[in-house]
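What follows is a set of notes on a single structure, which appears directly below.
Per chain, numbering begins at 1; letters A, B, ... match sequence-line order. Treat the numbers as computed from the prediction; the structure is a model and nothing was measured.
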Amino acid sequence: MPELPEVEVVRRGIATHVVGRSLIDIQLSGHRVARRHVPGPLDLADRLRGRSVTAALRRGKYLWLELDGAGEALVIHLGMSGQLLVEAPDAPREKHAHALLDLSDGRQLRFVDQRTFGGLQLVSLVPDPFGPGTVPDIITHIAPDPLESAFDQQAVGRAMRRRHTQLKRALLDQSLVSGIGNIYADEALWRARLHGERATDRLTASAVRGVLGHAAAVMTEALGRGGTSFDSLYVDVNGASGYFERSLNAYGRQGKPCRRCGTPMVRESFMNRSSFSCPRCQRRPRVVA
DNA sequence: ACGGAAACCTGCTGGC
DNA sequence: TGCCAGCAGGTTTCCG
């Protein structure tokens with residue numbers, strides 16, 4: 001489910017519930033949810049117990065809760081199917097609830113993840129390589145996303161044009177620009193009228209700026225809708241995608257008419273996943289990157 | 001340095 | 001009805 005707008009909706013949804021509260025008790029189930037926390041789930045739970053949350057922050061698709069003291073943060077990645085819910089502790093436990101964190105206000109923060117690609121880990125905060133402030137040490141390779149002030153569109157555009165790679169690949173490269181996933185990459189490319197296989201080093205600076213601008217715009221629009229379309233207490237995978245789906249111009253529209261020119265949209269396999277584009281508006285390059 | 005593929009999971013859909 | 005292939009919005013890692 002989650003690309004940048006969805007993760008930001010989740011961040012906003014939980015922020016009011018967790019910031020200023022402390023973690024009273026933590027239950028982790030299964031080995032997957034804390035697999036990235038090398039010392040193991042018991043260590044994770046022990047070190048979280050009693051800590052208070054001072055901020056809920058995000059870069060790209062990574063979310064973290066800054067904890068008091070020691071310069072540490074609880075990093076949460078939602079993977080493909082992760083959800084964060086704030087509920088009453090006695091609410092029925094979801095089938096794939098892997099982490100239950102009791103909050104000092106009597107509520108419970110739950111990490112629910114069907115496919116378990118997401119997870120939790122406690123790490124140190126280090127200086128942000130891209131600006132003032134700090135970030136978790138495990139995400140120093142993640143570039144700023146288009147919606148944060150540290151994002152430098154000119155610099156990212158230059159970096160993309162220096163690479164000899166395909167445009168969609170570059171948009172999905174979280175070390176160049178973060179937060180963009182398969183859906184919003186296709187949407188940005190459609191708006192920019194560019195095929196994802198265009199070579200980044202053969203595009204003009206303004207074309208690259210254009211597609212980055214479209215990526216920022218479409219994610220901002222999605223965020224606006226996400227913010228009003230679902231309850232912050234229960235961010236639902238199906239509810240979220242079902243709602244914004246109506247606004248998509250490219251993703252999932254194979255066979256349907258292009259909303260600009262009416263030509264049937266096509267689906268192609270790219271990077272082990274699906275890409276959707278208009279064969280007329282987004283001309284495939286003669287020379288592929 | 002880059003690209004491709006596989007790995008990590010569960011669940012749903014569509015075809016036979 | 002069952003079975004199986006294919007697919008799903010992410011990231012990391014390995015291999016050529």
Describe the nucleic acid contact of Arg32(A) in one word from base, sugar-phosphate, nothing, applying a heavy-atom distance below 4.0 Å. sugar-phosphate
Under 3.5 Å donor-acceptor pair, Arg115(A) side-chain atoms to dA8(C) base atoms: yes
Are more than 12 heavy atoms, taken from residues, nucleotides or ligands other than Arg283(A), located less than 6.0 Å from that residue's CZ atom? no
Starting at CG of Asn272(A) and ending at C1' of dG4(B), how long is that distance when rounded to a whole Å? 7 Å
To the nearest angstrom, how far is Leu172(A) atom CG from dC2(B) atom C1'? 15 Å
Any side-chain heavy atom of Ile138(A) sitting closer than 4.5 Å to one from Gln121(A)? yes
Atom P, compared across dC14(C) and dC9(B): separation rounded to whole Å: 16 Å
Taking only the side-chain heavy atoms of Thr165(A) (C-beta and beyond), determine which of dC9(B), dC2(B), dC7(C) contains the nearest atom. dC2(B)
Assigned partner base of dG9(C), Watson-Crick or wobble definition, under 3.5 Å: none
Here the distance between atom C1' of dA8(C) and atom CD of Glu3(A), to the nearest Å, is 12 Å
Looking at Lys61(A), I'd like to know whether one of its side-chain N or O atoms comes within less than 4.0 Å of OP1 or OP2 on dG9(C). no
How is His141(A) classified with respect to the nucleic acid when contacts are heavy atoms under 4.0 Å: base, sugar-phosphate, or nothing? sugar-phosphate
Rounded to whole Å, the CG-P distance (Leu78(A) to dA8(C)) equals 20 Å
Gln114(A) side chain, from C-beta outward: closest of dG3(B), dG9(C), dG11(B): dG11(B)
Val112(A) vs His98(A) side-chain heavy atoms within contact, under 4.5 Å: no
Would you say the base of dC8(B) stacks on Phe117(A) (centre-to-centre below 5.5 Å, plane angle below 30°)? yes
Would you mind reading off the distance between Tyr62(A) atom OH and dT12(C) atom C1', rounded to a whole angstrom? 9 Å
In whole angstrom, what separates Tyr184(A)'s OH from dA8(C)'s P? 16 Å
Which part of the nucleic acid, if any, lies within reach of Arg267(A) when heavy atoms closer than 4.0 Å are counted: base, sugar-phosphate only, or nothing? sugar-phosphate
Selected nucleotide, minimal atom distance to His96(A) side chain, candidates dT10(B), dC9(B), dG3(B): dT10(B)
I need the CD-P distance between Glu94(A) and dG11(B), as an integer number of Å. 14 Å
Less than 4.5 Å apart, any side-chain heavy atom of Val33(A) and any of Thr116(A)? no
Residue-phosphate contact under 4.0 Å: Ser81(A) side-chain N/O, dG10(C) OP1/OP2: no
Are any non-hydrogen side-chain atoms of Asp186(A) and Ser277(A) less than 4.5 angstrom apart? no
Can you identify which nucleotide, out of dC2(B), dG9(C), dT11(C), has its nearest atom closest to the Met80(A) side chain? dG9(C)
Whole-Å distance between dG10(C) C1' and Arg59(A) CZ? 18 Å
Is Tyr251(A) stacked against the base of dG9(C), taking the criterion as centroid distance under 5.5 angstrom and interplanar angle under 30°? no
Return the nearest nucleotide to the side chain of Glu6(A); candidates are dG9(C), dT11(C), dC8(B). dG9(C)
Sticking with atom P, work out how far dA5(C) lies from dA6(B), rounded to a whole angstrom. 16 Å
Any heavy-atom pair between the side chains of Leu223(A) and Arg12(A) that's under 4.5 Å? yes
Is there a side-chain contact between His164(A) and the phosphate of dG3(B), meaning an N or O under 4.0 Å from OP1 or OP2? no
